[in-house]
Amino acid sequence: MATADWCQLPPDLLGMIAQKLGIYIDYLRFRAVCLNWRSAVPKRPLHLPHQLPWLMLHNRRGRETFRGFFSLSDDKVHWLELPEASRHKRFCGSSQGWLLVVGETPVIALLNPLTRAKIHLPPLSTFPNVLDFDISQVGREYVLETSSGNRYTRNLIEMRDRFMKKVIVSSSLGTSSDAEYVILAVVNETGDLAFCRRGDESWSLIAEAQSFCEDVIWYKGSFHAVDKFGRIAICDVRDSSPVVRVIETPRLFGGDILYLVELSGELFLVTRYLELKPCLEPDMVYKTMRFDVSKFDTSGPMWTKVENLGDYAMFLGKNSSLSVRASHFSGCRSNCIYFTDDYSEANYEGVRGDHDLGIFSLGDGSIELLPSYSHHSRLIWPPPLWVSPNPL
Amino acid sequence: MSSTKIFLKSSDDKTFEIDETAARASETLKNIIDGGCLDGVIPLPNVSSNILPKVIEYCKKHGGDNGSSKKIANGGVDKDKEILPDYDEEEDKREKVRVDELKKWEEEYMDFDQQVLYDLMLAANYLHIKGLLDLTVEKAASMIRGRTPDQIRENFNINSDFTPEEEEEMILIEDEWDDEWAFD
C-alpha cells in the first residue's frame with residue numbers, strides 16, 4: 001500500500017481541514033507547512049470567527065512606538081510596534097479589530113493594529129453638529145451646536161478626548177477593496193448617532209435615533225441602538241435618508257450603563273451597576289458592582305432576565321460589545337463578563353485609583369481582576385480597551 | 001430486520017459484504033443502488049482492502065440512522081447554537097445516553113495512526129460519507145492546532161518543499177509572531 005502523502009492531499013480536503021482551525025496563528029502555521037498546503041487555502045482566512053479579544057494597554061515606556069496588548073490565552077502582556085498609536089492619539093473605541101484613532105486635528109481614521117492597515121474617515125469637522133473649525137481660534141477651535149440650537153466651543157484636546165464615545169463597523173471591513181461598509185459613531189456630547197458610508201465626505205446624523213446612544217451593535221444587517229430605558233431603534237442606513245424603526249419594550253429602570261450584545265444569533269441587553277467607593281481618602285471613585293443580563297423576547301417584545309450565559313463570555317467596554325464561545329479559546333472563562341472602563345471622566349478628575357475593569361462571574365456574582373493585570377494597573381490615561389485581532 | 005446484501009470490491013480485488021441500509025450512509029453507494037445497477041459487485045478502485053472494512057464498520061453504525069446521526073457526525077454539538085432542553089425530559093435523557101455512547105464509540109473507532117487517517121479521509125471523500133469525512137477532517141485539524149510548522153510536518157510525515165528563500169520567509173512569519181509575543 002502506498003504511503004500517505006499528506007503534502008499532496010487534494011486541495012478541497014486541505015481547505016476543509018483549514019476551515020476547522022479557528023485561531024489565526026494555527027492558520028498561519030498551516031500555510032507554512034509545505035507549498036501545496038500554502039496554495040490550497042487563501043492568505044486571508046475568511047472563515048475565522050471572532051478571535052478572543054486582546055486588552056490594549058498603554059505605550060511602552062522608553063519605546064513609545066510600542067503598545068502593550070494583554071492576551072488572556074497566555075496570560076501575558078505583549079508589545080506590538082504601532083507608531084500610529086503615539087501618546088497624543090486617542091482610541092475612541094474598537095470594532096471588529098479596527099481602532100478609531102483621533103488626534104489633535106480633525107483627522108480621524110480606522111487602524112488595524114495587526115496589519116497596520118488604515119482607513120480614513122470624514123474628519124471631525126464634517127459632523128453636522130460641528131458648525132465650524134478654525135485652527136487660528138486657539139483654545140476654541142471648534143464651534144458646535146446642540147440639538148436645541150445653542151452654540152458652544154471646544155478646543156482640540158476636548159474634541160479628541162470627549163467628542164466620540166464609540167464606533168461600530170458594519171461588517172467585513174477591509175476584506176476586499178470594493179466592499180461596501182457603513183461606520184456608525186456614537187457622539188458623546190449630544191447623544192447623537194452619526195454614520196458615514198464608504199466614499200462619503202461627511203458624516204450624517206440619524207435624527208430619529210437621538211438619545212438611542214447607550215450602545216449600538218451591528219446585528220442582522222442593520223444597526224441596533226438602545227436607549228437608557230431598553231428601547232431599541234433599528235437603523236437602516238442603506239439609503240441616504242436613514243430609516244429608523246423603534247421597538248417599544250416595557251421600560252427598564254435602574255442600572256447605570258446598558259450594552260447590546262449578540263450572543264448565538266440573539267440579542268441580549270446587559271445592565272451595569274456602578275457605585276461610589278472610597279479610594280485614597282477623601283477621594284471617591286466609581287466601581288462596577290454587578291451586571292444583569294436580559295434576552296430580547298420578540299413575543300413581548302420585552303427583555304427577559306437570564307441567569308446564565310452557558311458556554312459564552314461577553315466583552316464589554318469602549319469596544320463594540322461582543323460575545324465568544326469560551327470553550328473555543330484557552331484562557332477564556334464561560335458565563336463571565338469581561339469589562340473595561342468606558343465611563344472615564346468621572347473617575348479621572350485628579351483622582352488616583354485603578355481602572356474599573358475585571359471579570360464578572362454570573363455564576364456567583366463575584367468580580368475579580370484580570371489575571372496578571374494587577375502590576376499594569378497604574379493609573380494611566382486612557383483606560384485599556386478590548387480589541388479583537390483581525391488578520392483581514 | 002432482513003436487508004438486501006451488497007458486495008463491494010476493493011482496489012486489490014477483495015470482496016466485502018454490507019447491508020443495503022448500511023451502504024446508504026454513503027451518497028455514492030446510495031446513488032448506485034438507487035440507479036438500479038445492482039447486479040453483482042460494486043467495484044471501488046480507490047479503496048483498498050485495508051481500509052474498506054473500516055469504512056463498512058462506520059456505515060454499519062450510522063446507516064439507516066439519519067435523524068440523530070447528523071448531530072453526532074458534527075461532534076455532538078451544533079457549532080453555533082446551544083441545544084435548548086425544552087422537550088420531554090425522559091426523551092432528553094435517552095438521547096443523552098445515546099449521544100454519549102456514540103461519542104465513546106467514535107473515540108475508539110478513531111484511534112489509529114496518520115496513515116489510516118489519510119486513507120480513511122480519501123475513502124470518505126470518494127464515497128461521500130459526510131459524517132466520516134467530518135470526523136477525519138476534525139482529527140487532522142486536531143493534529144495541527146497549537147503546533148509549530150515543524151511539529152505539524154512531523155505529525156504528518158511531510159518534508160518541507162520550500163526553497164531556501166521561501167523557508168526564510170516562513171521563518172520570518174514565525175519570528176514575527178514570536179517577536180510580537182517575546183518583548184515582555
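By convention in this document, chain letters (A, B, ...) are assigned in the order of the sequence lines, proteins followed by strands, and residues within each chain are numbered from 1.
- Looking at heavy atoms from C-beta onward, B/M121 lies in side-chain contact with A/I17 at the 4.5 angstrom threshold.
- Other residues, nucleotides and ligands contribute more than 12 heavy atoms inside 6.0 Å of the CD atom of B/E57.
- More than 12 heavy atoms of other residues, nucleotides or ligands lie within 6.0 Å of NZ in B/K139, so this atom counts as buried by the packing criterion.
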Note to self: side chain to side chain contact (heavy atoms under 4.5 Å, CB included), that's the test. Do A/R29 and B/I144 meet it? Break it down for me.
What the structure shows: CA-CA 8 Å; A/R29 287 168 166 174; B/I144 294 170; 6.0 Å; no
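- A distance-only check finds a donor-acceptor pair linking the side chain of B/R145 to the backbone of A/K20 [under 3.5 Å].
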Note to self: Let's go through A/W37 and B/I158 carefully: what are the C-alpha distance in whole Å and the side-chain angles of both, what is the deciding distance for side chain to side chain contact (heavy atoms under 4.5 Å, CB included) to 0.1 Å, and is it a yes or a no?
What the structure shows: CA-CA 11 Å; A/W37 285 32; B/I158 292 173; 3.5 Å; yes
Next item on the list: Output, in order, the C-alpha distance, side-chain angles, deciding distance and verdict of side chain to side chain contact (heavy atoms under 4.5 Å, CB included) for B/L122 and A/L9.
Entry: CA-CA 9 Å; B/L122 287 176; A/L9 200 66; 4.2 Å; yes
Note to self: Quick one, B/D161 with A/C7, criterion side chain to side chain contact (heavy atoms under 4.5 Å, CB included). Give me CA distance, side-chain angles, the key distance, then yes/no.
What the structure shows: CA-CA 9 Å; B/D161 53 359; A/C7 194; 3.9 Å; yes
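- The nearest pair of heavy atoms linking A/R38 to B/F162 is CD-CE2, 3.8 Å.
- Using a 4.5 Å cut-off on side-chain heavy atoms (C-beta onward), A/D5 and B/Y118 make contact.
- Of the residues B/M143, B/R153, B/Q114, the one that meets the side-chain contact (heavy atoms from CB on, under 4.5 Å) test with A/W6 is B/Q114.
- At a 4.5 Å heavy-atom cutoff, the contact between B/I152 and chain A is made by side-chain atoms alone.
- Judged by distance alone, with hydrogens and angles left aside, the side-chain atoms of A/D26 form a donor-acceptor pair with the main-chain N or O of B/G146 at under 3.5 Å.
- Around NZ of B/K60, the count of heavy atoms belonging to other residues, nucleotides or ligands within 6.0 Å does not exceed 12.
- Here B/L133 is the residue among B/T136, B/L133, B/N157 with the most heavy-atom pairs under 4.5 Å with chain A.
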